[in-house]
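Everything on this sheet refers to the single structure shown next.
The figures here come from the full heavy-atom set of this structure, side chains too, leaving out hydrogens, waters and symmetry mates. Naming convention: chains lettered A, B, ... in sequence-line order (proteins, then strands); numbering from 1 in each chain.
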4 protein chains.
Amino acid sequence: MTKTEKKTSRAEQKARRPQEILEAAFEEFTVKGYAATRVEDVAARLGVTKGTVYLYFPTKDVLFEEMFRHMSTPFADLLASVGTLEGSTADQLRALLLLAYEKIADDRKTRELLRLSLSEGTRFPDIVDRHHDEFIAPLIAAVRTLVDEGVASGEFREGAASKFPDVVASSILHVAVWRLMFADRKPIDGPAFIEAHFDLALNGLLPRS
Amino acid sequence: MTKTEKKTSRAEQKARRPQEILEAAFEEFTVKGYAATRVEDVAARLGVTKGTVYLYFPTKDVLFEEMFRHMSTPFADLLASVGTLEGSTADQLRALLLLAYEKIADDRKTRELLRLSLSEGTRFPDIVDRHHDEFIAPLIAAVRTLVDEGVASGEFREGAASKFPDVVASSILHVAVWRLMFADRKPIDGPAFIEAHFDLALNGLLPRS
Amino acid sequence: MTKTEKKTSRAEQKARRPQEILEAAFEEFTVKGYAATRVEDVAARLGVTKGTVYLYFPTKDVLFEEMFRHMSTPFADLLASVGTLEGSTADQLRALLLLAYEKIADDRKTRELLRLSLSEGTRFPDIVDRHHDEFIAPLIAAVRTLVDEGVASGEFREGAASKFPDVVASSILHVAVWRLMFADRKPIDGPAFIEAHFDLALNGLLPRS
Amino acid sequence: MTKTEKKTSRAEQKARRPQEILEAAFEEFTVKGYAATRVEDVAARLGVTKGTVYLYFPTKDVLFEEMFRHMSTPFADLLASVGTLEGSTADQLRALLLLAYEKIADDRKTRELLRLSLSEGTRFPDIVDRHHDEFIAPLIAAVRTLVDEGVASGEFREGAASKFPDVVASSILHVAVWRLMFADRKPIDGPAFIEAHFDLALNGLLPRS
DNA sequence: CATGAATGAGCGTTCATTCAT
DNA sequence: TATGAATGAACGCTCATTCAT
């Protein structure tokens, strides 16, 4: 308990403050929504007073926007790794979708950002576009790339899935929304659901023999 | 019976008030969410003062709940009509899904109720269950019935879709969410999307030759 | 049930309306006070709507004032009758005080008017004076007259009671206030209390032998 | 410890706030009654805004109740001192009653609490009991003790005053009520009134020669 | 005479934001 | 950096009063 230690830990703590606040804000905003969340509640989660929050963020609006930005972690990077996989296009597609399940349906953070995009999109139009650019567009683009590759290689039949790769992935959204709505009250068997999804989607992509 | 006529027309107008209010409330609540909507704004839409709203609904909470109930129109009835269709199971499934697109993705009312279920579900737990019982459960049940019929008749292959009929229909949710998020900013070509959906899903269900 | 009967009874009822309203107003105002009483509650007691009250009384203020006037029934007249009694001055004084007990402490109407004078006197200064002129002054004057008579006749000793006849009667107020405060929660044995009062007061007035 | 000094003086000011508010509340509530008093008026008396009041008291109800408690200062203690007096029982009784006049009839605070007990007793039943336990019961008990002592020593005659000591003291209430009703409009000559009261009451207690 | 829908002013309470310490 | 007292603008809800029927 030397002074140096204290100082260090304090300095570290202070450097962490903004992030702590953003994470506390995330919890509050996702549970109550923007309007019903009080800045004081965010502060209380950290054991500080609301004045402290205003030390780091000038308004509740800004706090919300920066929280959203802070919690949005890049998805495109993850997707890039899929391109390096070996195996059939179908395998790669499976791997890609699995990744998307993890990122979108299993990850509470991303799920809640989806909720906020839907509920606060009117007040914060930017977050919707951010959500699209960050999660939806990269996923659809990646799916499209694989579908097109599969079609080119003859592994997949030509079909409308090239135009709307969304239809290949939309069950992921289904799980995400399901969990947002029902949480633990109507649990969903993730792996089994995914299996059903893959079963239908890949069979739908394969050429009729 | 002149008096009766007069009375009727006025009585009608009074009888219409609650519905007018509920519909105005729908517009406000869906745009701003529960917390950010002011009772006065709801009233202003009708050109009345907030006192008038309180003449018909005792609290903002009740107004919201009754609005939700009022805007939730039965979906199960519609689905029942599908059972009477002729043609292949695939055709019936197509017809069913088409109906679901109309009810869930195309109908602004239903779409916005989905948004409210997601955004206000914490504050009004009942509406989530109502939404499930009203829209989700009947649709999934109907899809399951058809899928099972198709499997029984040999028209569809046996697969996980029986266990999770959701995966057959989840693209409908995708369109609904897409429109909630992007409205007219990123329009979606409905018919083409539906075609892509049917193309993938039905091919996914058919037996490998 | 001829029409004539109905008409008559209706006409009678209408003629009674103002009084009915005033009496309903009395009940409400005494229980809740002026500010907390709603005109609608007064109306509801009669099974009519508030519009009806406004048919007879232009404002809530006027309703209150007229209610107070209506419930204030003359006390001076009663007192006058004491003057005609026979017997000793002490007997007459006893009779007078007994009358005052009946009028002030036992009569709910008068008791509640005292409460209203105390609680609403600021808003309605007139009612305080009315209450004084109606109940307090006549009583004190009557007591003074008897005391003076008793002193003149040698039945009472000379004392300060002539100057402040209030002290002879103030126990009556005590019972009234007691009942206003405690109602049935701390009942008071009226006759026994009165006996104690008379015992003390009359002995206090008699000359030291 | 300069800092301490500064802090203390500021801390003192903050510590004083609740009392300042309670006292301002007392003034407003006694003049207008509970329902007609606006929290904003209480605040305005201190030159602050109503938000400040809510910093210290969660609701108007609580503000009223705590105000009542704050203004109720113990009376029993005072009465205890009477027991130590020397002199005849009559002298002691006189001293006791004098004390009660000071506390109940002369002290605006106590007088107004009586008014509030009568006017707001319905809404705040507790305050009536508090007023009884705080002022009425101790006084009556003290009077009873002295009366009984006097009877035991033969200084007072046996009479109903032992059963209802109230009758010995009720003129005090008379003055209190009088002042509540008429304030300065009908001033009462306190000392002279008291003299009259004592004259009657003590003569009433003494044995007939 | 009676109704009750409608108004508008008002009040209790909340909360984002500021600022002196 | 952190506090928390204070503000002021809202907002939910109420109610005296009006008026068309």
C:Pro58 or D:Gly51, whichever maps to the more 5' nucleotide of DNA chain F: D:Gly51
D:Leu55 vs B:Lys50, nearer the 5' end of DNA chain F by closest nucleotide: D:Leu55
Contact summary for C:Lys109 and C:Thr73, nearest pair of heavy atoms: NZ-CG2, 4.1 Å
Base-paired stems in DNA chain F, each at least three Watson-Crick or G-U pairs under 3.5 Å: E:2-21 with F:2-21
Nucleotide nearest B:Thr52 when distance is taken to its side chain, options E:dT7, E:dT17, F:dA2: E:dT7
Reported CZ-to-CZ distance for the pair A:Arg115 and A:Arg111, which is rounded to 0.5 angstrom: 9.0 Å
Among E:dA2, F:dT14, F:dA5, the one nearest C:Tyr56 by side-chain distance: E:dA2
Touch class at under 4.0 angstrom, heavy-atom based, for A:Phe57 against every strand present: nothing
OG-CD distance between C:Ser119 and D:Glu120, expressed to the nearest 0.5 angstrom: 7.5 Å
Gap between atoms NZ and P, on B:Lys60 and F:dC13 respectively (whole Å): 8 Å
Euclidean distance, atom CG of residue D:Asp61 to atom C1' of E:dG12 [Å, nearest integer]: 11 Å
D:Phe57 versus D:Leu63, closest heavy-atom pair with distance: CD1-CD1, 3.7 Å
Rounded distance (Å) that lies between atom P of F:dA5 and atom OH of A:Tyr54: 17 Å
Residue pair C:Leu114 / D:Met181, side-chain heavy-atom distance below 4.5 Å: yes
Residues A:Glu134 and A:Arg69 bridged, charged N to O under 4.0 Å: no
Nearest-angstrom distance from the residue atom CZ of A:Arg16 to C1' of F:dT1: 17 Å
Nearest atoms (heavy-atom pairs only) where C:Ile21 meets C:Thr52: CD1-O, 4.4 Å
Ring pair (Phe, Tyr, Trp, His ring centres under 6.0 Å) involving A:Phe124 - partner list, sequence neighbours excluded: A:Tyr34, A:Phe64
Close approaches to DNA chain E from residues 21-48 of chain D, in residue order (heavy atom, under 4.0 Å): D:Thr37, D:Arg38, D:Val39
Test salt bridge (Lys or Arg N to Asp or Glu O under 4.0 Å) applied to C:Lys60 and C:Glu65, step by step: CA-CA 9 Å; C:Lys60 191 182 167 187; C:Glu65 281 168 347; over 6 Å; no
